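Heads up, the thing below is written out as structure tokens.
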Amino acid sequence: MKRKLAGALSVIICIAVVFSVIAAVRTEISGKSSSIICYYNDRAWSLSGSYPVEVNTSGVYYVPLTLFVQLPDVTVRINETLQTFIITHGDLYLSFDTVSDFAANQDKIRTPIATYERHGERYVPVEIVCAYLELGFEKVISPATGAAAIRITDGNQEYSFSTLLRRKHPGFYPTDTTAPPDTEPVTPPITVTPTLTERVVYITVEDSPGEYTDKILDVLDEYGYDATFFVIGSKAEARIETLSRIAAGGHAIALHTMEHDASLLTSADDILSDIEAENELLSKIIKQKSRIWRAPDGGDKLPALDSDARRKLSAEGYIVWDANVEIPANYGPYSAANVLINGIRKNEISVLRFTENANTAATLRRVLDFIKNNSDACEVRVISPAFEEYTKP
């Protein structure tokens, strides 16, 4: 009886939230996001001052699906062919139909909820989603500057929101007042290795899927981290099961040309044609497409990828992601891992470049050991098309 009552109250709360903003979700996004701070659990979304929040003309906050992917207890599944996606938290879920602008929950109740395509990614109204999925949602307006801050939680947070804002944004609260009292016990500040401040790490693996992919995936599974795999079309076609394992494991799929042959890419049109061909192939195999692309040996090695070509790719919704930490040729696992670890120490945002070979899994293991031992400072993310500030490390 208590469970039924709790379920009924949950539905009532969700309906109240939805109808309080139902007119707002059908208005256009204004794009006013520069002053909005965004956290998930105890992590800031961006370390460089650019946040993934969009606000529509009625003041409703929208965030990309990628933000929910960062929460350990939340899963997101996308079907581009049917133009649907599902966000799940425990036994609760929301299934969105982007064509009709309706969403259905686990009780088969359909509600009009509009979503938007922004920056090459689907954005959803964050407060509505959190209400339906029983995720925590906090919004604070700075009494000092008027800036807004929001946080989404799935129960894995350790610190109150005001504690995080005081630590990370000293000017958020006026110096002559104190923040609102915490409802959570006061906890000591987060401590990390003295020489390592907070940073984001992107693990990117090129030339997949191949004979070493399964070993690489085994290591990632063992440590519980996700990577971005830059896939070669011809290899994908030859190793469908391996590609499916990459996708099913929650790793990001990115494009790395059909044949890994730079001589076939002599113009922007060649590059776009190759991208479209690979996306069509991936759509047939795993029902996914990607907007992330990397040249066979990196963008600086491809003459056709000049400024005009980059503009054309951007206009078509594609983003070039190169790396800022690479392994020199002929390095063994130990030396290669040291290079990558030093890159993490040096850069606030590190995009690590692995290529599939016999040493990749061993090198990756050493790097993940370092990341795990410094987990308070290092956060591993998969590449999202929503944030171009990380594409030029």
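These numbers come from the heavy atoms of this one structure, side chains and all, not from hydrogens, waters or symmetry mates. Here the structure is a predicted model, which means the values were calculated and not measured.
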By side-chain contact (heavy atoms from CB on, under 4.5 Å) - contacts of Arg245 (at least two apart): Asp214, Leu217, Asp218, Asp221
Only counting residues at least two apart or in another chain, list the ones meeting side-chain contact (heavy atoms from CB on, under 4.5 Å) with Leu281. Glu237, Met258, Ile285
Derivation of the side-chain hydrogen bond (donor to acceptor under 3.5 Å, both in side chains) call for Thr363 and Thr360: CA-CA 5 Å; Thr363 302; Thr360 304; over 6 Å; no
Assigning hydrophobic clusters by single linkage (Ile, Leu, Val, Met, Phe, Trp, Tyr; side-chain heavy-atom cutoff under 4.5 Å), is Val53 placed with Phe137? yes
Does the plane of the ring in Tyr39 sit parallel, tilted or perpendicular to the ring in Phe161? Use 30° and 60° as the thresholds. perpendicular
Classify the side-chain pair Asn156/Asp154 by whether it contains a donor and acceptor separated by less than 3.5 Å. yes
Under 4.0 Å between a side-chain nitrogen and a carboxylate oxygen: does that hold for [X] and [Y]?
| X | Y | result |
| --- | --- | --- |
| Glu206 | Lys235 | no |
| Lys139 | Glu127 | no |
| Glu326 | Arg353 | yes |

Once ring pair (Phe, Tyr, Trp, His ring centres under 6.0 Å) is applied, what residue pairs with a partner in residues 235-255 remain, sequence neighbours excluded?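 Listed by first then second residue: Phe229-His251.
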Pairs where residues 260-285 contributes a residue and the test ring pair (Phe, Tyr, Trp, His ring centres under 6.0 Å) is met, not counting sequence neighbours: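 Every pair satisfying ring pair (Phe, Tyr, Trp, His ring centres under 6.0 Å) with a residue in residues 260-285: His256-His260.
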Ring centres of Phe230 and Trp321 under 6.0 Å apart? no
Per-pair distances, 0.1 Å, donor-acceptor, side chain in residues 328-343, under 3.5 Å, sequence neighbours excluded:
{"residue": "Asn342", "atom": "ND2", "partner": "Asn338", "partner atom": "O", "Å": "3.2"}

With a sphere of 6.0 Å drawn around CD of Glu241, does it hold more than 12 non-hydrogen atoms of other residues, nucleotides or ligands?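 No - once you tally the heavy atoms of other residues, nucleotides and ligands closer than 6.0 Å, there are 12 at most.
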Determine which pairs satisfy salt bridge (Lys or Arg N to Asp or Glu O under 4.0 Å) with at least one residue from residues 261-288, sequence neighbours left out, and list them in order.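 Matches after skipping sequence neighbours: Glu280-Lys289.
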